[in-house]
Amino acid sequence: METLEGRLLWHLEKLPYFIKVAERASFRQASDELKIAQPSLSKSIQVLEDAVGASLFYRHRRGVELTEVGAQLLKTA
């Protein structure tokens with residue numbers, strides 16, 4: 001059985017995206033700053049969520065906030 005760290009190793013390039021979304025609490029603001037399309041950013045976060053097997057953000061109309069798993073990942077990242 002592969003560990004969480006092992007699953008994340010395949011997606012390390014997506015961690016800066018996760019960190020930026022967490023810092024800005026907004027996919028739109030993060031995508032603007034990262035200069036990537038919002039759908040691409042959302043897909044990258046979905047790939048990370050699939051890798052960890054849990055949602056990383058609670059999504060709201062006015063932005064996002066970290067879930068408990070997301071907060072733990074941010075500390076590690």
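No donor-acceptor distance shorter than 3.5 angstrom exists from the side chain of Ser55 to the backbone of Phe57, with no hydrogens or angles considered.
Rounding to the nearest 0.5 Å gives a distance of 8.0 Å between CD of Gln38 and CZ of Arg28.
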Pairs of donor and acceptor atoms involving the side chains of residues 43-52, under 3.5 Å and at least two apart or interchain, shall be tabulated with distances.
unit_1: Ser44; atom_1: OG; unit_2: Ser40; atom_2: O; d: 3.2
unit_1: Gln46; atom_1: NE2; unit_2: Asp50; atom_2: OD1; d: 2.8
unit_1: Glu49; atom_1: OE1; unit_2: Arg59; atom_2: NH2; d: 3.2
unit_1: Glu49; atom_1: OE2; unit_2: Leu56; atom_2: N; d: 2.9
unit_1: Glu49; atom_1: OE2; unit_2: Arg59; atom_2: NH1; d: 3.1
unit_1: Glu49; atom_1: OE2; unit_2: Arg59; atom_2: NH2; d: 3.3

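Smallest separation of non-hydrogen atoms from Ala30 and Val21: CB-CG2, 3.7 Å. The two residues Leu74 and Ala22 make their nearest non-hydrogen contact at CD2-CB, 4.1 Å. Between Ala77 and Ile19, the closest heavy-atom pair is CB-CD1, 3.9 Å. Pro16 approaches Leu12 most closely through the heavy-atom pair CD-O, 3.6 Å. Taking both residues in full, the closest heavy atoms of Ser31 and Ala37 are given as CB-C, 4.3 Å, listed atom of the first, atom of the second, then distance.
Applying the ring-ring contact (aromatic ring centres under 6.0 Å, His included) test to Tyr17 and every residue at least two apart in sequence or in another chain returns nothing.
The hydrophobic clustering, which links ILVMFWY residues whose side-chain heavy atoms are closer than 4.5 Å, places Val69 and Tyr58 apart.
Listed by first and then second residue, the salt bridge (Lys or Arg N to Asp or Glu O under 4.0 Å) pairs involving residues 67-77 amount to none (not counting sequence neighbours). Within the structure, the salt bridge (Lys or Arg N to Asp or Glu O under 4.0 Å) test picks out the following pairs touching residues 8-23 (sequence neighbours left out): Lys20-Glu23, Lys20-Glu33.
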